[in-house]
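Written out below as structure tokens is the structure these notes cover.
Sequential numbering from 1 along the given sequence is applied to the chain's residues.
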Amino acid sequence: MQIRTGDTYDPRVIALLDHHVAAARAQTAPGSDHALDLAGLRAADVAFWTGWDGEMLVATGALKALSVDHGEVKSMHTVQAARQRGFGGRMLRHIIAEARARGMTRLSLETGSWDYFKPAHVLYRAHGFVPCGPIEGYVEDPNSLFLTLDLSDG
């Protein structure tokens with residue numbers, strides 16, 4: 001997979017993000033949806049990437065700066081047809097490396113707590129993320145799972 005800076009004006013990227021947001025919202029309780037829309041992904045404090053298998057868009061991921069030393073993983077998605085091929089893990093490792101390169105010492109995320117999100121839970125925990133309380137901008141919510149990764153160790 002080749003990871004590129006995401007083009008939020010590319011119709012293929014827009015279509016994948018629209019699908020990601022619609023699918024996640026369909027599996028999330030009202031008021032518990034925290035997915036970034038296109039405007040959110042275009043914000044100055046967000047870096048966005050796309051993953052390509054040849055000419056096929058297979059994954060997205062973003063890093064939102066919460067502070068100079070704390071980042072948030074956003075917009076992680078792998079297309080259904082490309083799952084179980086390691087693309088999600090590669091995107092997540094890219095985001096972790098970018099957070100470290102930017103001097104961040106902590107990387108956190110919010111994801112759904114429902115069964116639909118279980119594969120994401122497995123991915124994040126496999127990369128060292130552990131449960132934590134709500135991160136900046138969130139409140140305790142039984143529909144959310146908050147995870148964090150300490151980047152200060154290397």
Practice task
Among His70, Lys64, Glu72, find the residue that satisfies the side-chain hydrogen bond (donor to acceptor under 3.5 Å, both in side chains) test when tested with Ser108.
Solution key: His70
Exercise for the section: Check Ser75 against Leu36 and note the closest heavy-atom contact, atom names and distance. Expected result: OG-CB, 4.2 Å
Completion exercise
Taking every heavy atom of Ala59 against every heavy atom of Met1, the minimum-distance pair comes out as CB-SD, 4.1 Å
Exercise for the section: Flag the pair Arg85 / Asp53 as yes when at least one side-chain heavy-atom distance between them is below 4.5 Å, and no otherwise. Expected result: yes
Check whether [X] and [Y] end up in the same hydrophobic cluster, where Ile, Leu, Val, Met, Phe, Trp and Tyr are linked by side-chain heavy atoms less than 4.5 Å apart.
| X | Y | answer |
| --- | --- | --- |
| Val58 | Ile3 | yes |
| Leu123 | Met91 | yes |
| Phe48 | Val79 | yes |
| Leu66 | Val130 | no |
| Leu149 | Trp49 | yes |

Problem - Chi angles and distances behind the side chain to side chain contact (heavy atoms under 4.5 Å, CB included) call for Leu151, Asp69 - result: CA-CA 9 Å; Leu151 300 176; Asp69 62 349; over 6 Å; no
Exercise for the section: Could you walk me through whether Ile95 and Met76 pass side chain to side chain contact (heavy atoms under 4.5 Å, CB included), step by step? Expected result: CA-CA 10 Å; Ile95 293 169; Met76 283 285 296; 3.7 Å; yes
Exercise for the section: Cation-pi check, Arg4 to Trp52: give yes when NZ or CZ is under 6.0 Å from the six-membered ring centre and within 45° of the ring axis, no otherwise. Expected result: yes
Handout entry: NZ or CZ of Arg42 within 45° of Tyr9 ring axis and under 6.0 Å
Key = yes
N/O donor-acceptor pair under 3.5 Å between [X] side chain and [Y] backbone:
| X | Y | value |
| --- | --- | --- |
| Ser113 | Pro142 | yes |
| Asp37 | Gly40 | yes |
| Thr105 | Ser152 | no |

Practice task
Show your reasoning for whether side chain to side chain contact (heavy atoms under 4.5 Å, CB included) applies to Met104 and Glu98.
Solution key: CA-CA 9 Å; Met104 294 178 177; Glu98 283 289 326; over 6 Å; no
Exercise for the section: Take Trp114 and Leu145 through the side chain to side chain contact (heavy atoms under 4.5 Å, CB included) test and state the conclusion after the steps. Expected result: CA-CA 9 Å; Trp114 301 13; Leu145 174 66; over 6 Å; no
Handout entry: Salt bridge Arg12-Asp7, side-chain N to carboxylate O under 4.0 Å
Key = no
Handout entry: All ring pair (Phe, Tyr, Trp, His ring centres under 6.0 Å) counterparts of Phe146, not counting sequence neighbours
Key = Tyr138
Problem - Mutual orientation of the aromatic rings belonging to Tyr124 and Phe129 [parallel < 30°, tilted 30-60°, perpendicular > 60°] - result: perpendicular
Exercise for the section: Report the residues that fulfil salt bridge (Lys or Arg N to Asp or Glu O under 4.0 Å) with Arg93, sequence neighbours left out, ordered by chain and then residue number. Expected result: none
